[in-house]
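All heavy atoms count here, side chains included; hydrogens, waters and symmetry mates do not. Along the sequence shown, residues are numbered consecutively beginning with 1.
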Amino acid sequence: SMPIITAVDRLVGSKNAMRIDARSRSGEEVTLRVTHEDLEDCVGLATAAFSLEVLEGHVAPGVWFPVEMAANRAKIFERVKH
C-alpha cells in the first residue's frame, strides 16, 4: 500500500498534524494544533518551541497538560510559525 500512498501524496499533497484536546475538571476546554507538510518537522517544531520556553525559564520543567499552558500557549505557537 505504501507505493499507492506515495503516489496519491504526490498528486494531491499531504499534511501532518498533531492535535490535542483537553478538558479540565471545571469544564474548560483547550485545543492545540500544529500542522506541517512533514511529520518529523511537525513533531520537531512543537518539541523545540516547548523546549525553548523551558530553557528560557517561561515554563518549569516537567509534564504539562494543555489547559495548564494557557499563559504560554500563544508564545509557543508564535515560535512554531517561524
Side-chain angles (χ1 to χ4, degrees):
S1 69
M2 201 59 199
I4 293 171
I5 293 170
T6 302
V8 171
D9 285 351
R10 286 186 183 158
L11 288 173
V12 297
S14 66
K15 188 165 280 213
N16 296 283
M18 293 184 348
R19 175 180 170 156
I20 300 170
D21 295 314
R23 185 178 311 134
S24 70
R25 289 187 180 141
S26 65
E28 182 182 4
E29 294 184 17
V30 175
T31 298
L32 300 171
R33 281 175 287 224
V34 177
T35 62
H36 201 281
E37 302 298 323
D38 184 271
L39 179 61
E40 290 82 5
D41 284 349
C42 180
V43 173
L45 286 170
T47 303
F50 180 79
S51 299
L52 283 171
E53 289 295 297
V54 172
L55 290 172
E56 291 179 355
H58 302 294
V59 176
V63 177
W64 296 92
F65 293 100
V67 73
E68 298 173 314
M69 297 297 299
N72 304 87
R73 192 168 50 239
K75 190 161 185 181
I76 292 171
F77 287 152
E78 273 304 309
R79 289 184 187 275
V80 171
K81 286 182 188 177
H82 302 290

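Within 6.0 Å of the CG atom in L55, the count of heavy atoms belonging to other residues, nucleotides or ligands exceeds 12.
Cluster annotation: L52 is not connected to V59 through the hydrophobic network of ILVMFWY side chains, with a link wherever side-chain heavy atoms come within less than 4.5 Å. Cluster annotation: V8 is not connected to I5 through the hydrophobic network of ILVMFWY side chains, with a link wherever side-chain heavy atoms come within less than 4.5 Å.
Between the CD atom of E56 and the CZ atom of R79 there is a distance of 4.0 Å, given to the nearest 0.5 Å. Between the CG atom in N72 and the NE2 atom in H58 there is a gap of 8.0 Å [rounded to 0.5 Å].
A60 approaches V54 most closely through the heavy-atom pair O-CG2, 4.5 Å.
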